[in-house]
Amino acid sequence: MSSSPGGLSSLKWQIALGLGVAGAIGLTYWYMRSSKNQTLHAVEETPVEKEETPFQRAQRYKTEGNELFKRGKYDEAIASYNKAIDTIPQEYKTDLATYYQNRAAAYEQLKKWSAVISDCDKAIELNHKYEKALYRRAKAYEIIKDWENALDDVTSVCLLQNFGNQSALLMADRVLKELGKKNASEAMKNRVPVIPSKNFIKTYFASFSEDPVYKKLLETTQPLGQGELKGFLKAKLAFATERYEEIIPACTEELNLSEAESNFKNEALSLRASFNFLTGQFKEAVEDLSNIINAEEADLKIKVNALIKRASINMQTEQLDECLDDFDKAASLGIEVSDVFHHRGQVKLLMEKTEEARSDFEKAVELNPNFPIAVVQKCYTDYRHAMQTQNAVLLMRSLEDFRNAIEKFPSCAETYILFAQVQTERQEFSSAEDLYQKAMKIDSTNASVYVHRGLLLLQWKGEIENAVQLMRDAIKIDEKCEFAYETLGTVEVQRGNLIIAIDLFNKAIALARSEMEMVHLFSLRDAAASQLKIASRMGIGPTLMT
Ligand SMILES: *[C@@H]1O[C@H](CO)[C@@H](O)[C@H](O)[C@H]1NC(C)=O
Ligand SMILES: *[C@@H]1O[C@H](CO)[C@@H](O)[C@H](O)[C@H]1NC(C)=O
Ligand SMILES: *[C@@H]1O[C@H](CO)[C@@H](O)[C@H](O)[C@H]1NC(C)=O
Ligand SMILES: *[C@@H]1O[C@H](CO)[C@@H](O)[C@H](O)[C@H]1NC(C)=O
């Protein structure tokens, strides 16, 4: 810049535009300086202000703090915010809240979490619905792993923003998972084993086409014998009469018998393992199954079946390598056993490896084309793969295969149910409804079909009352239907009945068999509990019904 008059006038123009009144003061100052040094500098010093009120001064300190913050000078920014906080008159509550919030932001950069939290505390005390401060405090609580408080704060943000803030939702999800893990591992220690519903037990055994022990249990040609039954035969009678609670002790009795007296050691191990699995006692189940797997003399079929069962437990306890390892062993030992491929296919489907799942199901059906559950699950897997790879030809074929499966196995409820789920996904709602009704006719005792149908009505027609009624019917039919409690709970959350929802989630938790399930259910419950707490604290959010 030169000292020519032209330079001067353009500078004046810029200053006036940029700084308003203060520009004039600056210009005067610059005049004095430039007349001394004969050099032109941009205005660089804070002008002396006239009659600045304490509030204006505080705002100036804040602005200064913000500038320092932007330049990464966090300690200096904090010093400016300190001055702002000390200067501002008490009645400027919202501004004071902002200063605390800004200072918290600087502390956050310095990773001083307890200072972040206490500044946010002050900001929120002054301004209860201060989203930024709530969100910042939630982040700090998350970092120091105070999940309970993190959840309450992030729930506040979600409610204030009507669940429209993606990053808050993701945080809520993370925090709920951590909180769920903490609660679940605690709850697993105090868990009381529960015999699941009859339907659940039936579904479990029905998923094996070649379980040699299950076959023995169903076999009625040989009379059980005279007099008082012992051991495995006693368990067999208990199974037939659905007195499931007697099965584990009867198997233990068999295992207590001397070698000479016992004919069913491996059968007793297998059956006890199944019931330990069904009651969520996974460690005991694995122990029995491993005994079969390691026994030299055990029958090949019983060994292969034990490997499949141990693989499923490894899946549920999230030990995926061990799970796949067991399946590999089962496949090499039982190359002709369709159950191996059917069950491995299910695991691969859960892992969303649809290509591998398909080749397993293909093998399973090839080995046993008359086992309806594997046939229909193959259709379902083909459908999933078609959707994933956008393969229209395969899609049409899978739908055709579903229809053929229904024709071939008209009395298997599973075929209707899976096809109905597919039709729901394709928004072929009336076809799905028709299929569910047929499934209900075949097996009116399967409560989970009622739940699925309720979900369909909700999605199709938004008929919330009818959907809730079907889910309540499901619970009436089967008071141990965990799926019904969980699903109805989420419906009640959606319509704001948080207290009812929490109660339903607690009932599902009492029935949960694995830690994985518990983590999920605790997350649902804790989310509802936090919403209830925050909504009443802030007087916002869902209406509170009891
Ligand atoms: C979410 O809310 C916080 C706090 O109000 C805000 O800082 C952030 O920018 C929001 N994020 C999105 C994606 O809306
Ligand atoms: C879940 O965790 C919270 C916080 O740790 C605790 O207050 C609550 O009692 C726990 N619930 C159960 C059932 O363990
Ligand atoms: C009950 O229905 C579920 C699906 O809702 C299905 O997976 C299961 O196989 C059915 N159980 C029986 C015994 O048919
Ligand atoms: C098995 O044997 C042990 C000791 O030998 C005994 O304590 C236990 O009660 C027996 N259990 C059954 C079910 O017979």
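As the structure lists them, so they are numbered: ligands from 1, and atoms in each ligand from 1.
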Can you name the residues that form a salt bridge (charged side-chain N to carboxylate O under 4.0 Å, His left out) with Lys480, not counting sequence neighbours?
none

Verify the ring-centre separation between Phe282 and Phe277: is it less than 6.0 angstrom?
yes

Sequence neighbours excluded, which residues qualify as ring pair (Phe, Tyr, Trp, His ring centres under 6.0 Å) partners of Tyr214?
Phe205

Only counting residues at least two apart or in another chain, list the ones meeting ring pair (Phe, Tyr, Trp, His ring centres under 6.0 Å) with Tyr92.
Phe55

Take the angle between the ring planes of Phe483 and His452 and call it parallel below 30°, perpendicular above 60°, tilted in between.
tilted

Below 3.5 angstrom, do we get any N/O pair linking Glu414 and ligand 3?
yes

Name the residues with a heavy atom less than 4.0 Å from ligand 1?
Glu131, Lys132, Tyr135, Gln161, Asn165, Ser167

Establish, for the pair Lys363 and Phe341, whether the NZ or CZ atom is under 6.0 angstrom from the six-membered ring centre and no further than 45 degrees off its axis.
yes

Show which atoms of ligand 3 fall inside a sub-4.0 Å distance from at least one heavy-atom site of Asn446.
1 (C), 2 (O), 3 (C), 8 (C), 10 (C), 11 (N), 12 (C), 14 (O)

Where does the angle between the aromatic ring planes of Tyr74 and Phe69 fall among parallel (under 30°), tilted (30 to 60°) and perpendicular (over 60°)?
perpendicular

One finds that the ligand 3 atoms under 4.0 Å from a non-hydrogen atom of His452 are 5 (O)

